[in-house]
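In what follows, a structure is listed as structure tokens, so that the remarks can point back to it.
Order of the sequence lines fixes the chain letters, A, B, ..., with proteins taken first and strands second; residue numbering starts at 1 for each chain.
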Protein chains: 2
Amino acid sequence: MSENVGRWLRDEIENSILSNEFRPGERLDEMVLATRFGVSRTPVREALMQLDAIGLIEIRPRRGAVVIDPGPHRVYEMFEVMAELEGLAGLLAARRLDKASREAIMATHGRCERSAAAGDSDAYYYDNEEFHKAIYAAGRSDFLEEQCAQLHRRLRPYRRLQLRVRNRVSTSYLEHCAIVDAIFAGDGEEARRLLRGHVGIQGERFSDLVASMATR
Amino acid sequence: MSENVGRWLRDEIENSILSNEFRPGERLDEMVLATRFGVSRTPVREALMQLDAIGLIEIRPRRGAVVIDPGPHRVYEMFEVMAELEGLAGLLAARRLDKASREAIMATHGRCERSAAAGDSDAYYYDNEEFHKAIYAAGRSDFLEEQCAQLHRRLRPYRRLQLRVRNRVSTSYLEHCAIVDAIFAGDGEEARRLLRGHVGIQGERFSDLVASMATR
DNA sequence: AACGGAGTTCTTGTATACACGATTGTTGAC
DNA sequence: GTCAACAATCGTGTATACAAGAACTCCGTT
């Protein structure tokens, strides 16, 4: 537990939302949350204010908080922005790569290879996250890294759905290989282009997303 | 005043920070703010939690809230990300331009021309903001529009400093012209490239920024 | 004179109390 | 039977009270 209850609650509720325990559109009753976590309403309210500021929930005055339902189109828009930011991270990574970042990317890339070979999509899901984080870090822009990490978190549930699609894991891994090559070769523009394609969801991948969102 | 005091306070304090009334590093005392605005500590705390979540202030547990001082390097990173997002907005605007957006861009562009010709850098500062907002809107991506607007707000003070640099207003206007041409011609990649260059701060413009940040 | 420690004060973190608006349920009229 | 108005209830918004940690002061020691 964090040093103050408010932060802890924020993380706790955020996780519950991202793990789909609190579903989009669901009402978050302050009193219910307070008793559930064994605290008073005050820290609950503070946690909710923060989640509202982040954009995970919406607090309608005098009418309580509800989990925001982004809807397929907005999720698409979020992936679009994510693709752009990851592209920038890749560009910077290629230009600013140093020994430590190179090794971090290699290591996470290796782990992705193993879990992809094993066909373990849950393991790949986790390793993939670490791989992307290694690229953010290699870009050496704290602000960009934070923005990427935040958006990545918010898109986590949808990313997970995507990996369930047939062959997506192996395709993803092949794309990683090309990305690593471009970054290690110092070809920033190529890394950017590849990452944009890797993260963005064009064509049939968009329909896959919509389909999986509809059926959960 | 907004319907609830918390929101109102958030906006109020946010403006005070962005207008440099509350300076970076300054301590924000809850009790002082509460008496100043004539409310209790509760809504003040809620406002502060939100500002913390947005990243404008930092709340250190049991040690109060302080205004975050981004520092030149981090401001540079923020401009870097902003350039990328604006580039994407330009690309989308060129691809999705419709009559209404076209007219909105034309109108704001025209206002920029007038204030640039008059050499009124304060007026230009405002018109420039509207011009960029028109481009975000033309991109037809609500999420991107929100992200752009939020970053734009946070970078406002620095943008203002930049315009004070000699000839920056007229240079900026010339760049606007090229951007409008690219968007109207439907050349998305060109619009992206130009907007990246327009918003980003490379070379001597970075030193200008650092210099003006140091002397305020 | 400088440093360290104990006590005091001040501020934050959490709980509780109260007020007001929204929602819901019930009753009566058409 | 349906709709509207009023009442009761429930939940949020704000204030205040209390607890606990951090900072500051003052005094003593080296």
Round to the nearest Å and state the distance from R10(B) atom CZ to dG13(D) atom P.
-> 13 Å
CH2 of W8(B) versus C1' of dG13(D): gap in Å, rounded?
-> 15 Å
Hits for side-chain contact (heavy atoms from CB on, under 4.5 Å) against N15(B), two or more places apart or cross-chain, chain-then-number order -> none
In chain order, what residues pass the salt bridge (Lys or Arg N to Asp or Glu O under 4.0 Å) check against R23(A), with sequence neighbours excluded?
-> none
Taking only residues two or more places apart in sequence, or in another chain, which ones meet Y173(B) in a ring-ring contact (aromatic ring centres under 6.0 Å, His included)?
-> H109(B)
What is the distance, rounded to the nearest whole Å, between atom CG of L48(A) and atom C1' of dT14(D)?
-> 16 Å
ring-ring contact (aromatic ring centres under 6.0 Å, His included) partners of F22(A), counting only residues at least two apart | none
P72(A): what forms a side-chain contact (heavy atoms from CB on, under 4.5 Å) with it, not counting sequence neighbours?
-> V210(A), M213(A)
Going 5' to 3' on DNA chain C, which nucleotide is the first and which the last to come under 4.0 Å of a heavy atom in chain A?
-> dT14(C) to dT23(C)
Could you give all pairs that pass the salt bridge (Lys or Arg N to Asp or Glu O under 4.0 Å) test and reach residues 24-35 of chain A, with sequence neighbours left out?
-> E30(A)-R41(A), E30(A)-R45(A)
To the nearest Å, give me how far apart CZ (R45(A)) and P (dT14(D)) are.
-> 7 Å
Pairing residues for R111(B) by the salt bridge (Lys or Arg N to Asp or Glu O under 4.0 Å) criterion, not counting sequence neighbours | none
Members of residues 25-39 of chain B that approach DNA chain D, where some heavy atom sits under 4.0 Å away | V39(B)
Can you pull the salt bridge (Lys or Arg N to Asp or Glu O under 4.0 Å) pairs that have at least one residue in residues 48-64 of chain B, sequence neighbours excluded?
-> none
Value rounded to 0.5 Å, distance of CD in E129(B) from CZ in R153(B) = 10.0 Å
Please identify each residue that fulfils side-chain contact (heavy atoms from CB on, under 4.5 Å) with E12(A), with sequence neighbours left out.
-> W8(A), F37(A)
Pairs: protein N or O with nucleotides 19-22 of chain D N or O, under 3.5 Å:
from	atom 1	to	atom 2	distance (Å)
dG21(D)	O4'	R62(B)	NE	3.4

